Amino acid sequence: VVEHCWRPPQFPKLLHKHLFQILEDVGALFSIPEERKEMFGNCQYVLNRNRLSSFSKSDAVALVPCNFTTKRPSETLQEKLEKTICVRSVLSVIEPFAPSALVSRIMVCLFKEINPLIVWRDGCLFVCGHKYILLEFIHAKDLDSNDRESLPSSFEDNFTCMIIKTKQFCSSEQLTVDDSDETNVQQLIEDCFLKVTFSYYNNLKLSRLE
């Protein structure tokens, strides 16, 4: 696929690996490590067929989150979470306005730490311990009425804010399982946010609302 994306003579084949490396370095794509290919192979990638969403360099495979479809796979998520209960929901506000490129870079950063089950451009579902974690990036203007009511008054009319919505699900049998040894999901998200934004958007702020 790379050959169709970077065609000679403008992009000689010799340059492909260097271009690929640049995209990796800036967080535009995620190259799946050899030892994690099997885990990522079980993931459902909700791709946009009209745009390049994944491609390979030699025997490696890379994902380009900003080219996943924008449509939320609601039916697929419902099927996966059908027998679970939402045990926690957290809204984190990114302010001021956050460009879409920021979302894809955070997704790439997360992929380095987690193995997703379902991914689309603005979110993913993954497993942490015994819980399913649903992570979504939503513009404030697209929040439903319940979530909008939980925003502080200072954000009520700020429709340019980007919201990171994190929901944790588990089966009724797992409600009493000790969480002490689990990865702190919210901390992971915040660490990825800080890592991605520090060099490029150091004026952005993340506010967690619980």
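Values in this document were obtained by computation on a predicted structure and should not be read as measured data. Here, residue 1 is the first one in the sequence, and each next residue gets the next number.
Atom CD of E35 has more than 12 neighbouring heavy atoms from other residues, nucleotides or ligands inside a 6.0 Å radius. Heavy-atom neighbours of K165 NZ from other residues, nucleotides or ligands within 6.0 Å: above the threshold of 12.
Taking CD from E79 and OG from S74, the interatomic distance works out to 11.5 Å, rounded to the nearest 0.5 Å. H130 NE2 to Q168 CD: the interatomic distance, rounded to the nearest 0.5 Å, is 8.5 Å. Here CG of L135 is found 9.5 Å from SG of C192. Values are rounded to the nearest 0.5 Å. Note: S92 OG to F193 CZ = 9.5 Å, rounded to the nearest 0.5 Å. With rounding to the nearest 0.5 angstrom, the CG atom of D25 is 12.0 Å from the NE2 atom of H18.
F111 has its side chain within reach of P65: a pair of non-hydrogen atoms, C-beta onward, lies under 4.5 Å apart. Side-chain contact between K80 and L125: present, with at least one pair of heavy atoms (C-beta onward) separated by less than 4.5 Å. Side-chain contact between I133 and V127 is absent, with no heavy atoms from C-beta onward closer than 4.5 Å. By the 4.5 Å heavy-atom criterion applied to side chains, F137 and M107 are counted as neighbours. Using a 4.5 Å heavy-atom cutoff, the side chains of I189 and T166 are in contact. With a 4.5 Å cut-off on side-chain heavy atoms, I164 and L91 do not count as touching. Counting only heavy atoms from C-beta outward, the side chains of T84 and C170 never approach each other to under 4.5 Å. Side-chain atoms of I106 and K195, non-hydrogen and from C-beta on, never get closer than 4.5 Å to each other.
Smallest separation of non-hydrogen atoms from N115 and F126: O-CB, 3.7 Å. Counting all heavy atoms, side chain and backbone alike, P116 lies closest to I114 at CD-O, 3.5 Å. Pairing each heavy atom of L29 with each of V108, the nearest pair is O-CG1, 3.6 Å. Smallest separation of non-hydrogen atoms from K112 and R36: O-NH1, 3.2 Å. Smallest separation of non-hydrogen atoms from D122 and T70: OD2-O, 4.4 Å.
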Hey, mind stepping through L81 and Y132 against side chain to side chain contact (heavy atoms under 4.5 Å, CB included) and telling me if it holds? CA-CA 8 Å; L81 300 172; Y132 286 106; 3.7 Å; yes
Working note: L19 + L23, criterion side chain to side chain contact (heavy atoms under 4.5 Å, CB included); need CA distance, chi angles, decisive distance, verdict. CA-CA 6 Å; L19 294 170; L23 290 175; 5.8 Å; no
Would you please test R88 and V90 for side chain to side chain contact (heavy atoms under 4.5 Å, CB included) and show each step? CA-CA 7 Å; R88 192 180 186 207; V90 178; 3.8 Å; yes
Check step by step if side chain to side chain contact (heavy atoms under 4.5 Å, CB included) holds for W120 and L77. CA-CA 11 Å; W120 67 104; L77 290 169; 3.7 Å; yes
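I22 and I32 are members of different hydrophobic clusters when ILVMFWY side chains are connected at heavy-atom separations under 4.5 Å.
E136 and K167 are not joined by a salt bridge, as no carboxylate oxygen comes within less than 4.0 angstrom of a charged side-chain nitrogen.
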